[in-house]
Student: 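Okay, here's the structure, questions in a sec.
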Amino acid sequence: MTTFILKVKALTASNDDEKAPENWAANIELGVLVDVRLDDPGESFDGNYPGGAATPRTTQLREVDLIIQSVNSGADVPWTTVAAHLETAQATPTRLTAAERLDAHEFTLPHLEQRTESEQGFVRDKPT
């Protein structure tokens with residue numbers, strides 16, 4: 001876990017062990033405006049599903065989300081497992097931002113091909 005926190009601190013240019021992960025944009029990208037989204041997840045996990053299949057990064061981050069949701073308040077979080085998923089997910093944004101010629105801290109571009117447009121708005125193509 002310490003090794004991962006050091007990597008996140010370097011990516012976020014933060015010296016704080018707790019604030020660095022809070023500011024790490026591992027899976028943030030611009031998407032469809034909220035007022036034309038028919039399936040806005042709000043604060044829930046919202047991964048990437050091009051062609052209806054989860055990306056490798058989404059798969060890892062979804063596992064972290066499920067682990068955090070399954071932990072009862074006051075219970076121990078399996079941080080080693082969480083760190084392993086996050087470390088695997090961390091490699092993907094580096095490749096995406098490089099392909100899009102962005103700095104590592106910038107958001108990746110919108111991937112509208114992951115959505116189906118109708119007269120009412122856009123819906124994310126997720127596996128059923």
Side-chain angles (χ1 to χ4, degrees):
M1 182 71 176
T2 302
T3 303
F4 180 73
I5 293 294
L6 290 173
K7 288 180 183 180
V8 172
K9 285 169 67 173
L11 287 169
T12 59
S14 173
N15 290 322
D16 188 304
D17 287 355
E18 291 182 20
K19 289 191 180 194
E22 292 173 4
N23 294 308
W24 178 54
N27 198 28
I28 297 176
E29 64 190 34
L30 299 174
V32 178
L33 294 174
V34 78
D35 59 342
V36 293
R37 288 180 72 165
L38 300 177
D39 61 343
D40 188 1
E43 294 182 13
S44 298
F45 182 78
D46 187 21
N48 291 319
Y49 303 91
T55 63
R57 179 172 58 168
T58 287
T59 300
Q60 297 300 318
L61 295 174
R62 180 65 179 148
E63 286 299 316
V64 171
D65 183 59
L66 291 171
I67 289 168
I68 300 298
Q69 286 182 37
S70 70
V71 174
N72 295 325
S73 60
D76 289 331
V77 175
W79 290 114
T80 304
T81 303
V82 168
H85 286 295
L86 292 176
E87 189 157 5
T88 301
Q90 186 275 328
T92 302
T94 304
R95 290 192 303 273
L96 289 174
T97 54
E100 295 177 4
R101 298 177 189 196
L102 302 169
D103 290 332
H105 66 279
E106 293 183 280
F107 297 147
T108 53
L109 301 172
H111 294 278
L112 298 180
E113 71 278 1
Q114 296 182 47
R115 297 184 177 276
T116 301
E117 184 177 9
S118 70
E119 289 182 16
Q120 292 80 29
F122 290 88
V123 176
R124 177 70 65 109
D125 297 334
K126 293 183 182 177
T128 54

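None of the values given here were measured: they were computed from a predicted structure.
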Student: List the atom of Q60, the atom of A89, and the distance in Å for their closest heavy-atom pair.
Tutor: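 Looking at all heavy atoms of both residues, the shortest contact is CB-CB, 3.8 Å.
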Student: Who pairs with S70 by side chain to side chain donor-acceptor pair (under 3.5 Å), at least two apart in sequence or on another chain?
Tutor: none
Student: Linking I/L/V/M/F/W/Y whenever their side-chain heavy atoms sit closer than 4.5 Å, directly or via other members, would L86 and V77 fall into one cluster?
Tutor: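 Yes, it is one cluster - the side chains of L86 and V77 are joined through contacts under 4.5 Å.
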Student: Check the hydrophobic clustering (I, L, V, M, F, W, Y; side-chain heavy atoms under 4.5 Å; chains of links allowed) and say if I68 and L61 are grouped together.
Tutor: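 Same hydrophobic cluster.
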Student: Taking only residues two or more places apart in sequence, or in another chain, which ones meet T81 in a side chain to side chain contact (heavy atoms under 4.5 Å, CB included)?
Tutor: I67, P78, H85
Student: Can you name the residues that form a salt bridge (charged side-chain N to carboxylate O under 4.0 Å, His left out) with D16, not counting sequence neighbours?
Tutor: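 Applying salt bridge (charged side-chain N to carboxylate O under 4.0 Å, His left out) to D16 gives none.
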Student: Could you state whether V82 and F45 fall into the same hydrophobic cluster, counting links through intermediate Ile, Leu, Val, Met, Phe, Trp or Tyr residues with side-chain heavy atoms under 4.5 angstrom apart?
Tutor: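 Yes, V82 and F45 fall within the same hydrophobic cluster.
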